[in-house]
Every structure is written in C-alpha cells, then in structure tokens.
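Residues take their numbers from the sequence shown, with the count starting at 1. Every heavy atom of this structure was used, including side-chain atoms; hydrogens, water molecules and symmetry mates were not. These numbers were taken from a predicted model, which means no experiment stands behind them.
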Amino acid sequence: MNVILFGVQGSGKGTQAKILSEKTGLKHVTTGDLFRENIENKTELGKKVLEFIEKGDLVPDKYVLEIVQDALDNLSTGFILDGFPRNPSQGEFLLKKYNIDKVVLLELTDDVSVKRLMARRLCKDCKTDYNMLYKLPKKEGICDLCGGEVIQRKDDNETAIKLRLDKFHNETEQVIKVFADKGIVCRVNADQEIGAIQKEILENLGV
C-alpha cells in the first residue's frame, strides 16, 4: 500500500506517519529526512540541495523529484509520504510514476495551526521536540533527555507561519483536489487526541 498524508503544519502529519509506519511496516518518507541523508552522505544531490538551503532558498523541484524518486525506487515495501507532493508539478510526477492507494487529509483550522506552531520548541542540541501546550520539558527551558537548551524555532513566528499556510492553500490544496477527483482522499479531524486520529486513519485505510 502507498499512502500520502496531507495537512497544514501543526496537523500532526509527522507524528501520525511515524505511528502508522510502526503499525503497518510501510516506510515513512519525508523530503526533510531525504535532504538530511543526502547532505550527510555527501551525495551529488546532497551537495546541490545544501547550496539552496544555505542561501535560505527553496530546493527546486528538479532536485526534490530526483531525491524522492531515488528513495521510492529503492524501497522493498509500500510507503507513507509526508510533506510531498507540495505543488501540482510534484503531484503530476507522483501520479505518473507510482500507484497511490489512499490519501489522508488531516483537517485543521488555520487558527489552531498557528496556535500549535507558536507553541513548538526543540532542544538546541539533541533536537527533541516539545510543545508548550501539551509536551513541556520537566524543567523550564531544559531538555529532559540531554540537558540542552530548549528554544523556539526561528521560523515559528506568526508571519512565517501564515506564509506557509498561504502556500498550502494556494498550491498543496490544488494537488489534494486532483487526488480527491480520483476518489482516494479520506478526511480526518486533526483537532483531537493523537490516538483518536490514528484510529480514524487506520479505519479509513482498512488496516
């Protein structure tokens, strides 16, 4: 089975994809992880991606598609895509190359998305995630695991978050419509407890 998870930032895509991967054996694939792996392994694609990231630019589709295809073509299982495709050209590429069985749209209002993202924190050293709404460190500003400083991400400010939401509504929603027209999109309320969301996803996937 090949699955795509869509949702605005803060809808819990990454969390749900990890749980789903553990329960089904499907490979959780994110462009962020693929970028990091290629950069760490100093691949040619990784070097190109790093150039754009260091300049603060978006990685062009040409390189994103190469990295995603390389990862998916080397899988021995089905996949769960998280954070891809983000725009119509990426969606067209995916539909031409792979069979997509189900698309899960985690629905969340913009107001709740902004509230959740503004509350996000992470450890400066070990990168453990925290959230001031429901996952606080035991000691304020100190990581439970390594004792590092817990900070707010630079791009988790209201202006940057609203720009990302606009991009989702203007570009990613066009991709979702293409999949919806094929009758493979299921909608799940992401404004509920993690376990309840996962239960809905599993029911929709029939697993």
Side-chain angles (χ1 to χ4, degrees), residues 3-23 28-37 39-40 49-50 52-59 64 80-87 90 104-173 175-176 187-201:
V3 179
I4 303 173
L5 288 189
F6 282 115
V8 294
Q9 284 202 306
S11 60
K13 293 189 302 299
T15 298
Q16 293 299 331
K18 284 173 189 168
I19 298 170
L20 191 58
S21 176
E22 289 166 6
K23 289 191 174 181
H28 178 202
V29 178
T30 79
T31 48
D33 286 346
L34 295 178
F35 288 167
R36 280 187 286 276
E37 285 169 19
I39 290 168
E40 285 170 11
V49 164
L50 186 59
F52 292 98
I53 290 174
E54 286 182 336
K55 287 188 287 188
D57 295 336
L58 285 174
V59 179
V64 176
I80 304 163
L81 276 172
D82 159 20
F84 182 92
R86 289 181 187 271
N87 60 47
Q90 292 179 359
V104 178
L105 174 58
L106 296 173
E107 295 188 309
L108 194 71
T109 65
D110 286 3
D111 286 347
V112 176
S113 171
V114 170
K115 187 178 175 184
R116 285 185 181 180
L117 294 177
M118 292 282 287
R120 286 200 307 194
R121 301 291 187 274
L122 85 162
C123 173
K124 201 172 179 181
D125 298 327
C126 73
K127 310 303 179 190
T128 296
D129 288 313
Y130 293 94
N131 193 291
M132 304 314 285
L133 297 174
Y134 50 80
K135 189 189 174 186
L136 288 84
K138 291 172 185 172
K139 189 173 180 181
E140 188 178 346
I142 304 297
C143 177
D144 296 345
L145 297 182
C146 75
E149 183 186 2
V150 172
I151 60 169
Q152 185 173 33
R153 304 168 195 234
K154 286 181 182 176
D155 60 346
D156 278 350
N157 61 76
E158 197 163 352
T159 302
I161 292 166
K162 285 184 174 175
L163 283 173
R164 299 204 294 273
L165 286 170
D166 286 345
K167 199 168 184 64
F168 179 87
H169 294 311
N170 294 330
E171 295 185 11
T172 309
E173 282 183 355
V175 187
I176 297 167
R187 298 170 182 271
V188 173
N189 174 18
D191 193 9
Q192 54 182 331
E193 191 266 333
I194 289 173
I197 297 170
Q198 184 66 202
K199 184 172 180 286
E200 271 194 51
I201 292 173

Judged by atom type as modelled, is there a donor-acceptor pair below 3.5 Å linking the side chain of [X] to the main-chain atoms of [Y]?
X: Ser113; Y: Gly10; result: no
X: Gln16; Y: Ile194; result: yes
X: Asp155; Y: Ala160; result: no

Atom of [X], atom of [Y] and distance for their closest heavy-atom approach:
X: Leu106; Y: Ile197; value: CD2-CG2, 3.8 Å
X: Phe84; Y: Leu81; value: O-CB, 3.5 Å
X: Pro85; Y: Val175; value: CG-CG1, 3.7 Å
X: Arg36; Y: Asp33; value: NH2-OD1, 2.6 Å
X: Tyr130; Y: Cys143; value: OH-SG, 3.3 Å
X: Thr30; Y: His28; value: CG2-NE2, 3.1 Å

Test of understanding: with side chain to side chain contact (heavy atoms under 4.5 Å, CB included), list the residues that count as partners of [X], not counting sequence neighbours.
X: Thr172; result: Phe6, Arg86, Phe168, Ile176
X: Leu133; result: Lys115, Arg116, Ala119, Asn131
X: Ile142; result: Lys139
X: Leu58; result: Lys167

Kindly write out the residues that satisfy salt bridge (charged side-chain N to carboxylate O under 4.0 Å, His left out) with [X], not counting sequence neighbours, or none if the list is empty.
X: Glu193; answer: none
X: Lys135; answer: none
X: Asp110; answer: none
X: Lys127; answer: none

Exercise. For the pair Val64 and Thr31, evaluate side-chain contact (heavy atoms from CB on, under 4.5 Å) and give the outcome as yes or no after the intermediate values.
Key: CA-CA 7 Å; Val64 176; Thr31 48; 4.2 Å; yes

Going from [atom1] on [X] to [atom2] on [Y], what distance comes out if it is rounded to the nearest 0.5 angstrom?
X: Lys138; Y: Leu145; atom1: NZ; atom2: CG; answer: 8.5 Å
X: Asn87; Y: Asn170; atom1: CG; atom2: CG; answer: 12.0 Å
X: Arg120; Y: Leu117; atom1: CZ; atom2: CG; answer: 4.5 Å

Taking distance alone, no hydrogens or angles, what donor-acceptor pairs closer than 3.5 Å link side-chain atoms of residues 147-154 to residues at least two apart or in another chain?
| from | atom 1 | to | atom 2 | distance (Å) |
| --- | --- | --- | --- | --- |
| Gln152 | NE2 | Met118 | O | 3.0 |
| Gln152 | NE2 | Asp156 | O | 3.1 |
| Arg153 | NH2 | Asp129 | OD1 | 2.8 |

Quiz item: Taking the side chain as C-beta and beyond, is there a heavy-atom pair between Val49 and Ile39 under 4.5 Å?
Solution: yes

Quiz item: Are the side chains of Ile80 and Leu5 in touch, meaning some heavy atoms are under 4.5 Å apart?
Solution: yes

Quiz prompt | Pairs touching residues 8-23 that satisfy salt bridge (charged side-chain N to carboxylate O under 4.0 Å, His left out), sequence neighbours left out | solution = none

Exercise. Please name all residues satisfying side chain to side chain donor-acceptor pair (under 3.5 Å) with Glu37, sequence neighbours left out, ordered by chain then number.
Key: none

Exercise. Could you walk me through whether Leu20 and Gln198 pass the side-chain contact (heavy atoms from CB on, under 4.5 Å) test, one step at a time?
Key: CA-CA 7 Å; Leu20 191 58; Gln198 184 66 202; 3.6 Å; yes

